[in-house]
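Reckoned from all heavy atoms, side chains included, excluding hydrogens, waters and symmetry mates. No experiment lies behind these values; they were computed from the predicted model shown.
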Amino acid sequence: MENQYRKKSVSQYCWDCGETIRDKYLLYALDRYWHTECLKCSVCRVMLADAGTSCYTKSGLILCREDYLRLFGREGECQACHETIPATEMVMKIQGLAYHLRCFICSRCHGALSLGDKYQLWEGRLLCDRECLRLFRKSMGAPPNRRAPKAPRMAASTAKT
């Protein structure tokens with residue numbers, strides 16, 4: 001008995017035109033497949049395969065880099081250094097305030113903060129959780145390193161019978 005192995009060909013359909021993609025190349029963007037000539041900027045209609053290696057999406061639009069920046073890419077100001085943050089740069093935000101990644105540090109201990117760290121805004125200053133606790137204790141009149149009193153230890157009794 002002879003085994004026959006066949007390659008199972010899976011047809012991909014273009015999200016834009018709905019036709020089967022038979023081209024040598026296809027694009028996979030926004031969790032969908034596209035003909036290279038069908039994936040176009042919603043504004044200027046440039047084929048995104050020709051415009052670069054990335055595309056942007058916002059408000060239901062598919063955009064080239066230039067149109068994305070023109071429509072949505074507003075430059076902002078870093079709260080820590082007060083320098084301009086380019087619209088294409090990654091930022092950290094807290095309560096609507098933006099920071100360069102390099103500037104997202106505790107204003108007291110200068111330790112770097114990253115995703116997953118606990119931090120607070122205290123009177124407009126970015127603080128790690130440890131420094132925030134110190135300031136809170138100080139503002140409440142407690143010594144900064146005071147710990148809660150330990151519970152009294154119970155003496156163990158031994159009874160012989």
Side-chain angles (χ1 to χ4, degrees), residues 10-149:
V10 178
S11 297
Q12 298 299 337
Y13 298 96
C14 176
W15 180 258
D16 184 53
C17 70
E19 298 291 321
T20 301
I21 301 172
R22 291 184 170 81
D23 303 343
K24 184 176 181 180
Y25 300 103
L26 59 91
L27 297 176
Y28 185 72
L30 310 170
D31 295 326
R32 299 176 180 118
Y33 291 96
W34 309 77
H35 288 108
T36 55
E37 64 273 4
C38 289
L39 184 60
K40 297 178 183 175
C41 175
S42 301
V43 176
C44 70
R45 306 302 295 161
V46 68
M47 287 192 310
L48 294 175
D50 296 338
T53 58
S54 59
C55 65
Y56 299 80
T57 181
K58 190 165 183 173
S59 301
L61 299 171
I62 299 169
L63 302 164
C64 65
R65 184 177 188 276
E66 289 76 24
D67 285 323
Y68 176 82
L69 291 174
R70 188 173 53 77
L71 295 172
F72 303 107
R74 296 176 197 94
E75 293 182 338
E77 182 180 287
C78 176
Q79 286 300 121
C81 70
H82 303 292
E83 292 179 10
T84 300
I85 302 173
T88 57
E89 187 173 320
M90 296 288 288
V91 299
M92 294 293 285
K93 284 190 170 183
I94 180 171
Q95 296 179 2
L97 303 174
Y99 295 82
H100 291 110
L101 293 180
R102 70 178 181 273
C103 296
F104 200 67
I105 61 174
C106 177
S107 63
R108 287 185 56 111
C109 72
H110 305 288
L113 299 169
S114 58
L115 287 176
D117 291 344
K118 292 183 180 181
Y119 47 84
Q120 304 281 333
L121 271 182
W122 181 283
E123 297 175 354
R125 298 182 327 186
L126 186 59
L127 298 171
C128 65
D129 219 30
R130 185 180 70 243
E131 293 296 335
C132 189
L133 184 59
R134 285 183 185 160
L135 279 177
F136 178 73
R137 286 179 177 160
K138 187 176 181 180
S139 72
M140 298 302 288
N145 291 327
R146 185 174 178 186
R147 296 183 184 199

Listed by chain and number, what are the side-chain hydrogen bond (donor to acceptor under 3.5 Å, both in side chains) partners of [X], not counting sequence neighbours?
X    : value
H110 : none
D16  : none
Q120 : none
R125 : none

Kindly list each side-chain donor-acceptor pair under 3.5 angstrom involving residues 26-40, sequence neighbours excluded, with atom names and distances?
unit_1: W34; atom_1: NE1; unit_2: A29; atom_2: O; d: 3.0
unit_1: W34; atom_1: NE1; unit_2: R32; atom_2: O; d: 3.4

If you compare all heavy atoms of [X] against all heavy atoms of [Y], which two are closest, and at what distance to 0.1 Å?
X    : Y    : result
L48  : C55  : CD1-CB, 3.5 Å
Y119 : L126 : CD1-CD1, 4.0 Å
C41  : C64  : SG-N, 3.4 Å

Distance in Å, [X] [atom1] paired with [Y] [atom2], rounded so as to fall on 0.5 Å steps:
X    : Y    : atom1 : atom2 : result
C106 : D129 : SG    : CG    : 10.0 Å
S114 : M92  : OG    : CE    : 7.0 Å
C14  : I21  : SG    : CD1   : 5.0 Å
S107 : L113 : OG    : CG    : 9.5 Å
H100 : E77  : NE2   : CD    : 9.5 Å
F104 : C78  : CZ    : SG    : 10.0 Å

Verdict with reasoning, L61 to D67, per side chain to side chain contact (heavy atoms under 4.5 Å, CB included): CA-CA 10 Å; L61 299 171; D67 285 323; over 6 Å; no

Mind jotting down which residue pairs meet the salt bridge (charged side-chain N to carboxylate O under 4.0 Å, His left out) criterion with at least one end in residues 86-111? Sequence neighbours excluded, please. E83-R102, R108-E131

Taking T57 for the side chain and I62 for the main chain, is one N or O donor matched with an acceptor at less than 3.5 Å? no

